[in-house]
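Okay, structure first, notes after.
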There are 2 protein chains.
Amino acid sequence: MARPTIADIAERAGVSKGAVSFALNGRPGVSEETRRRILAVADEMNWRPHRAARSLGNSRAGAVGLILSRPARTLGLEPFFGQVVSGLQAGLAEDGTALQLLVVEDPEAEMAAYRNWTAEKRVDGFVLLDPLIDDPRFPALEALDVPVMVLGGPLPDTSLSYSWADDSEAMHEAVDYLAALGHRHVVHVAGMPQFLHTKRRMDVLTEAKARHELAEVVSIPTDYSDSEGAVITRRVLSRRERPTAIVYDSDVMAVAGLGVALEMGVRVPQDLSILSFDDSLLARLTHPALTALTRDTQGWATEAARELLRLIADPSLTVRHPSSTPVLVPRESTAPPAGH
Amino acid sequence: MARPTIADIAERAGVSKGAVSFALNGRPGVSEETRRRILAVADEMNWRPHRAARSLGNSRAGAVGLILSRPARTLGLEPFFGQVVSGLQAGLAEDGTALQLLVVEDPEAEMAAYRNWTAEKRVDGFVLLDPLIDDPRFPALEALDVPVMVLGGPLPDTSLSYSWADDSEAMHEAVDYLAALGHRHVVHVAGMPQFLHTKRRMDVLTEAKARHELAEVVSIPTDYSDSEGAVITRRVLSRRERPTAIVYDSDVMAVAGLGVALEMGVRVPQDLSILSFDDSLLARLTHPALTALTRDTQGWATEAARELLRLIADPSLTVRHPSSTPVLVPRESTAPPAGH
DNA sequence: CATTTGCGGGCTTTCTACGGC
DNA sequence: AGCCGTAGAAAGCCCGCAAAT
């Protein structure tokens, strides 16, 4: 026996397809009694609407896209992505909307995927991660005229919607904390320099140098890999004038850096404080556990997903959604520098 | 200007819709010259087939489902899931097929989702993780008569397809290695007892006890959480007769266990060897780095995805796909026990 | 053989007809 | 005659394919 359709229900209930449709969608046009009868029949036949058929009619795909141009391995390596994916999924599931995930090798493929998925009406909107400085994706997506929610911001000069957390404020908190502990030589092992949030964090650091009269503050951009994190750490710890504190832009790099410190006999936190601008299980499982700026990434993504759904429902909206600022969680990897 | 349809192309090229369809799908029925002209117009108008329309016709959804009944956080915590998701995605993307992910709270919701998604024709098939002993999902999915690929196996008494890695063999290798190093007291911090692979690993251990004349081999089931891993480790290390080696069923638990050892002043690997039956960045970033059974989880998932696509193309198939056995990678956390 | 016509797939929605006041 | 609520008929969404030209 094949899957039942509204035509089957209509026949069984002795009404027309149209009446069935109205009844099932809770729209006016049928009497209460007819509605009840139709619903009973539909339930009895265990009917569910055919997704494709519904999409074809109302031109809603019932899915949103998340396209990442990172090495495919990244998803398994960076806890951040798992949190974002499950957070988005949770927000979308409330609505029965699906998440379509695509991992591509380069930004060109990413742009092509936006165009294709939009042209195919495969998705109703997109979630964007890691906004760049002068991000070429923004004008492209504005031209496509498709609902987009960017995770990160604030974004200058764009009509795209975004959900942002104040990581400038968070970085302030981190530097203030280190300065208060007495650190004057701080190194920032940053993320990709083209990322907007990387720039924002680096700016805060530059500014903090003057404010706190720090002796040295350097930001060193990386590709977020554990190996680069380790290399940079090894390099800065090999200098005559060692930093007394290092801030890492991801916990993966922070853990790698901690490993280098151990390997070089640099004690954490006595000789070196380590602070991670990113928190996950990773940061909590190391010894010493890492002081970190933590936030509810998953909850953030869930909220963003809800906003995207609103945006899809009403494309005239522009959302500027503030989410909670990352919070400093002191653990065992930070302390006053030696001699303080 | 709205999205172009084949009708628009037909009009512009001065032919009928049918001719356009033949041309675009590379079927006979149009002359070479007409075909070229049609393709040129389609390209110029940047046409892509409407997903829903295509699905409706050929009754392929162009997506497969992955439904997980685990706490939503798990996805961000366990690197395994990120690897599986990105691996599946890679295999499916080759075909333009999408991956639909759903994280639910309990097994009932999982079963309901299988039924709904099948009834809605939302997906063409499913990927199943973590097969259980007497798994209730199997008969349910067999009844739904939908293509399914189980990640894990071999599975007794089922017509479902699966892709399996020989983790019995891998566990043998691990125990043989520890025995060869001279360990006689081994504890196995296992995963969920209802998981088939947990049982299989526990069985190997029981059997190994006799074979190697070990003094003690215990398997202790857990929920895979870092906290349970830590609790169990603390407990067994507090006994009068400590084990000299612990095998963990996940690297998250292994890292947590390593932390407990450090906290208790138990030196790794001098006083205690740690072996993780699961490998990820996590196991490599700790100090000492963890000896682990490693496998290409992502590649495994990619192969499974390809098999599932074959299965969808030809539902009469039954796939029993062997993938490579996990391999022991000795790192710094294992050594002969004291006095050897 | 090249091309057109037209239907099917399942659902939504608009338009029209009907019966009752 | 005119208005209401209800229900049926049919068009439309877009593509693929079979049958007809």
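Just so it is clear, the model here is predicted, and its values are computed rather than measured. Letters go in sequence order (proteins before strands), and every chain restarts at 1.
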Would you please confirm or rule out a distance under 4.0 Å between OP1 or OP2 of [N] and any side-chain N or O of [X]?
{"X": "B/N25", "N": "D/dC15", "value": "no"}
{"X": "A/S31", "N": "D/dA7", "value": "yes"}
{"X": "A/T34", "N": "D/dT6", "value": "no"}
{"X": "B/W47", "N": "D/dC15", "value": "yes"}
{"X": "B/R37", "N": "C/dT3", "value": "no"}
{"X": "A/S55", "N": "C/dC11", "value": "no"}
{"X": "A/R27", "N": "C/dT12", "value": "no"}
{"X": "B/R54", "N": "D/dG16", "value": "yes"}

Indicate, with a heavy-atom threshold strictly under 4.0 Å, whether [X] touches base, sugar-phosphate, or nothing.
{"X": "B/R51", "result": "nothing"}
{"X": "B/T5", "result": "sugar-phosphate"}
{"X": "B/R48", "result": "sugar-phosphate"}

Exercise. Hey, does the Lys NZ or Arg CZ of A/R295 hover above the aromatic six-ring of A/W300, less than 6.0 Å from the centre and inside 45° of the axis?
Worked result: yes

Exercise. Within a radius of less than 6.0 Å around CD of A/E11, do more than 12 heavy atoms belonging to other residues, nucleotides or ligands occur?
Worked result: no

Problem set entry | Atom CG of B/D106 with >12 non-hydrogen neighbours under 6.0 angstrom | yes

Nearest whole Å is fine: how far is [N] [atom2] from [X] [atom1]?
{"X": "A/I9", "N": "D/dG8", "atom1": "CD1", "atom2": "C1'", "value": "17 Å"}
{"X": "B/I38", "N": "D/dG16", "atom1": "CD1", "atom2": "C1'", "value": "14 Å"}
{"X": "A/L24", "N": "C/dT13", "atom1": "CG", "atom2": "P", "value": "13 Å"}
{"X": "B/K121", "N": "C/dC11", "atom1": "NZ", "atom2": "C1'", "value": "15 Å"}
{"X": "A/L56", "N": "D/dG16", "atom1": "CG", "atom2": "C1'", "value": "13 Å"}
{"X": "B/R60", "N": "C/dG8", "atom1": "CZ", "atom2": "C1'", "value": "18 Å"}
{"X": "A/I6", "N": "C/dT12", "atom1": "CD1", "atom2": "P", "value": "6 Å"}
{"X": "A/R122", "N": "D/dC15", "atom1": "CZ", "atom2": "P", "value": "15 Å"}

Is the shortest distance from a Lys or Arg side-chain nitrogen in [X] or [Y] to a carboxylate oxygen in the other one below 4.0 Å?
{"X": "A/R36", "Y": "A/E33", "result": "no"}
{"X": "B/E120", "Y": "A/R54", "result": "no"}
{"X": "B/D130", "Y": "B/R70", "result": "yes"}
{"X": "A/R306", "Y": "A/E303", "result": "no"}

Contacts under 3.5 Å, N or O only, protein and nucleotides 4-6 of chain C:
from: C/dT4; atom 1: OP2; to: B/S16; atom 2: N; distance (Å): 2.9
from: C/dT4; atom 1: OP2; to: B/S16; atom 2: OG; distance (Å): 3.1

Exercise. Using purine N1 to pyrimidine N3 plus N6-O4 or O6-N4 for Watson-Crick, or N1-O2 and O6-N3 for G-U wobble, each under 3.5 Å, what pairs with D/dA1?
Worked result: none

For this session: Walk me through it: do B/E142 and B/T158 pass the test side-chain hydrogen bond (donor to acceptor under 3.5 Å, both in side chains)?
Result: CA-CA 8 Å; B/E142 285 169 358; B/T158 182; 2.7 Å; yes

